[in-house]
Asks: 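If you scroll down you'll find the structure; I have some questions about it.
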Amino acid sequence: MSKIHNFSAGPAILPQSAIDASVEALQNFAGTGLSLIEVSHRSKEYEAVVAEATQLVKDILQLGDDYAVAFLQGGASLQFDMIPMNWLGEGETAAYTNTGVWASRAVKEAKLFGNVNVVASSEDTNFNYIPKDYTMPADAKYFHCTSNNTIYGTEMFSFPNTNGVPLICDMSSDIFSRPFDAKQFDMIYAGAQKNMGPAGTTLVIIKKSFLEKRVSKKIPTMLDYAVHIENGSMYNTPSVFAIFVCMHTLRWIKSIGLEAMEVRNKAKADLLYAEIDRNSLFTGTVAVEDRSRMNINFVLTNTAYEAEFLKFCESKNLSGLKGHRSVGGLRASLYNALEIESVQSLVDAMKEFEAMKK
Ligand SMILES: *Cc1c(COP(=O)(O)O)cnc(C)c1O
């Protein structure tokens, strides 16, 4: 079978080493003679997987013992509820930016628990930029932002000074794509299936001093971050397969390093944006300074060509380029594991399509 170039927004492309290790472990996990999906999560071989995945996150982000890491279930979407449930008491206020569908959903859920101050929103222009001018309310229990807006293709390349307000970020679609100072965050979370592993687990990273500031009210056990952290992601049966794939993906990320990962990702994004800007048939949809390196949104200037172009791409083994159903157009997701050769193939197809329409 010839190579399929996978531009899917998520679940998405993973490093071949993680896929090969998974195939092997499905047959015989760590020499146990059992499949990874039929082995006890309490076996010493599997406990070592969770321990290594947890340590790799800390190593890659250079975090010490003042941070806790856990792998949870329920997706990034459950974090939209768990965060206010753990840190926002009735009558208290949390600050949010509204920069896309996922951010809007986070706002919606937080409102079930307390007051939400949406300090900035780009909704008026269909989320095509990252708002940067806003004031941090001093009374906020925390400030929540989304570093990469997967559906719209905007990305935050710097984070606001919160003046002591705890900083929480949904990094589902750009975590581990470049170096950043993780220590400025009180909490980071990311669904695995965009840039870190398969669907089924969500990474949470929490500063221990912030964990201690949870609401005084009783939190349902499964929704209490402290319970999952105290139990090493093993309070209940974890997502055994997903965490295993994450561990192998994290090994690969660590072996490359975040500095080199950024160089790779920037080269890929620059290559595609340059073609979008050069090619008369295509137009980028977001503010140039906020262009995401992970999800690149663009449209055909003549929308009548869209279906034909997507079909043309399919014939060239270019997969997953249709924009999200809520925005339409095209979206190329260039996550960590995508090679620059795949981006070059897309660029070549765009050039060929332009020549066909001349
Ligand atoms: C995909 C995505 C989500 C939702 O993730 P689920 O794991 O499906 O709940 C949330 N936030 C961002 C930024 C995403 O890209």
Side-chain angles (χ1 to χ4, degrees), residues 6-14 70-85 96-110 112 118 120-123 126-131 142-157 159 167-178 180 185 187-205 222-223 225 228 233 238-239 241-243 245-246 249 265 286 290-297 320 322-327 331-338:
N6 185 0
F7 295 94
S8 169
I13 188 164
L14 290 171
F71 289 89
L72 309 186
Q73 297 183 59
S77 297
L78 188 60
Q79 304 309 305
F80 301 160
D81 290 298
M82 282 178 74
I83 288 164
M85 196 175 250
Y96 280 70
T97 50
N98 182 13
T99 54
V101 164
W102 303 118
S104 306
R105 288 202 188 169
V107 167
K108 176 178 173 230
E109 297 308 303
L112 299 173
V118 178
S121 170
S122 49
E123 194 170 9
N126 201 27
F127 301 115
N128 71 349
Y129 72 104
I130 299 283
Y142 61 81
F143 168 76
H144 178 282
C145 58
T146 311
S147 54
N148 186 70
N149 298 285
T150 323
I151 293 174
Y152 300 90
T154 60
E155 188 168 9
M156 295 173 76
F157 293 103
F159 296 95
L167 177 57
I168 298 183
C169 190
D170 176 357
M171 295 195 182
S172 292
S173 51
D174 69 347
I175 194 156
F176 304 126
S177 67
R178 61 188 153 100
F180 66 97
F185 295 91
M187 191 219 174
I188 293 167
Y189 64 99
Q193 71 273 21
K194 310 282 167 57
N195 219 4
M196 195 178 55
T201 190
T202 302
L203 169 66
V204 302
I205 302 166
M222 274 296 286
L223 303 173
Y225 287 115
H228 292 286
S233 306
S239 204
F241 179 76
I243 298 171
V245 184
C246 287
T249 307
N265 288 330
V286 308
D290 301 323
R291 283 176 161 181
S292 169
R293 291 181 195 147
M294 296 285 101
N295 310 101
I296 298 191
N297 284 47
K322 200 170 163 53
H324 189 269
R325 59 189 185 281
S326 65
V327 295
R331 172 176 54 172
S333 297
L334 315 185
Y335 295 123
N336 284 342
L338 188 87

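The basis for the numbers below is simple: all heavy atoms, side chains too, and nothing from hydrogens, waters or symmetry mates. The shown structure was predicted, so the numbers you read here are calculated from the model rather than taken from an experiment. Start at 1 and go down the list; that is how both ligands and their atoms are numbered.
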Asks: Taking 4.0 angstrom as the limit and counting only heavy atoms of Gln193, give me the atoms of ligand 1 inside it, by number and element.
Replies: 5 (O), 6 (P), 7 (O), 8 (O)
Asks: To which protein heavy atom is atom 9 (O) of ligand 1 closest, and what is the distance rounded to 0.1 Å?
Replies: Ser77 OG, 2.6 Å
Asks: Is there a side-chain contact between Tyr335 and Met196 in this structure, where contact means two heavy atoms from C-beta onward sitting under 4.5 Å apart?
Replies: no
Asks: Could you list which atoms of ligand 1 come closer than 4.0 Å to a heavy atom of Phe80?
Replies: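 Heavy-atom distances to Phe80 below 4.0 Å select 10 (C).
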Asks: Testing Asn265, Leu338, Thr150 one by one against Met294 for a side chain to side chain contact (heavy atoms under 4.5 Å, CB included), which residue passes?
Replies: Asn265
Asks: How close does the nearest protein non-hydrogen atom get to atom 11 (N) of ligand 1, and which residue and atom is it?
Replies: Asp170 OD2, 2.6 Å
Asks: Is it the case that ligand 1 has an N or O less than 3.5 angstrom from some N or O of Thr146?
Replies: no
Asks: What is the ring orientation for His144 with Tyr189, classed by angle as parallel under 30°, tilted 30 to 60°, or perpendicular over 60°?
Replies: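 Rings of His144 and Tyr189: tilted, 30 to 60°.
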Asks: Which residue supplies the protein heavy atom nearest to atom 3 (C) of ligand 1, what is that atom called, and how far is it?
Replies: Trp102 CD2, 3.5 Å
Asks: Taking the side chain from Thr201 and the backbone from Ser239, do they hold a donor-acceptor pair closer than 3.5 Å?
Replies: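 No, Thr201 side chain to Ser239 backbone: no donor-acceptor pair under 3.5 Å.
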Asks: Please confirm whether the backbone N or O of Asn149 pairs with a side-chain atom of Thr146, one donor and one acceptor, at under 3.5 Å?
Replies: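 The answer is no, because no donor-acceptor pair under 3.5 Å joins these two groups.
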Asks: I'd like to know if the side chain of Ser173 reaches the main chain of Asn148, judged simply by a donor and an acceptor atom lying under 3.5 Å from each other, with no hydrogens or angles considered.
Replies: yes
Asks: Examine the proximity of ligand 1 to Lys194 and report which part, side chain or backbone, both or neither, has a heavy atom under 4.0 Å away.
Replies: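 Lys194 to ligand 1: side-chain contact only, backbone stays beyond 4.0 Å.
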Asks: Could you list the atoms of ligand 1 found under 4.0 angstrom from a heavy atom of Gly75?
Replies: 7 (O), 9 (O)
Asks: In the protein, what heavy atom is nearest to atom 15 (O) of ligand 1, and what distance, to one decimal place, separates them?
Replies: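 That would be Thr150 OG1, 2.4 Å.
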Asks: With heavy atoms of Asn148 as the reference, note each atom of ligand 1 found under 4.0 Å away.
Replies: 13 (C)
Asks: Examine Phe159 together with Phe185 and report whether their ring centres are nearer than 6.0 Å.
Replies: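 Yes, close enough.
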Asks: Using a strict cut-off of 4.0 Å, indicate which atoms of ligand 1 neighbour a heavy atom of Ala76.
Replies: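 Those atoms are 3 (C), 4 (C), 5 (O), 6 (P), 7 (O), 9 (O), 10 (C).
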Asks: Indicate, with yes or no, if the rings of Tyr142 and Tyr96 have centres closer together than 6.0 Å.
Replies: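 Close enough - the centres of the two rings lie under 6.0 Å apart.
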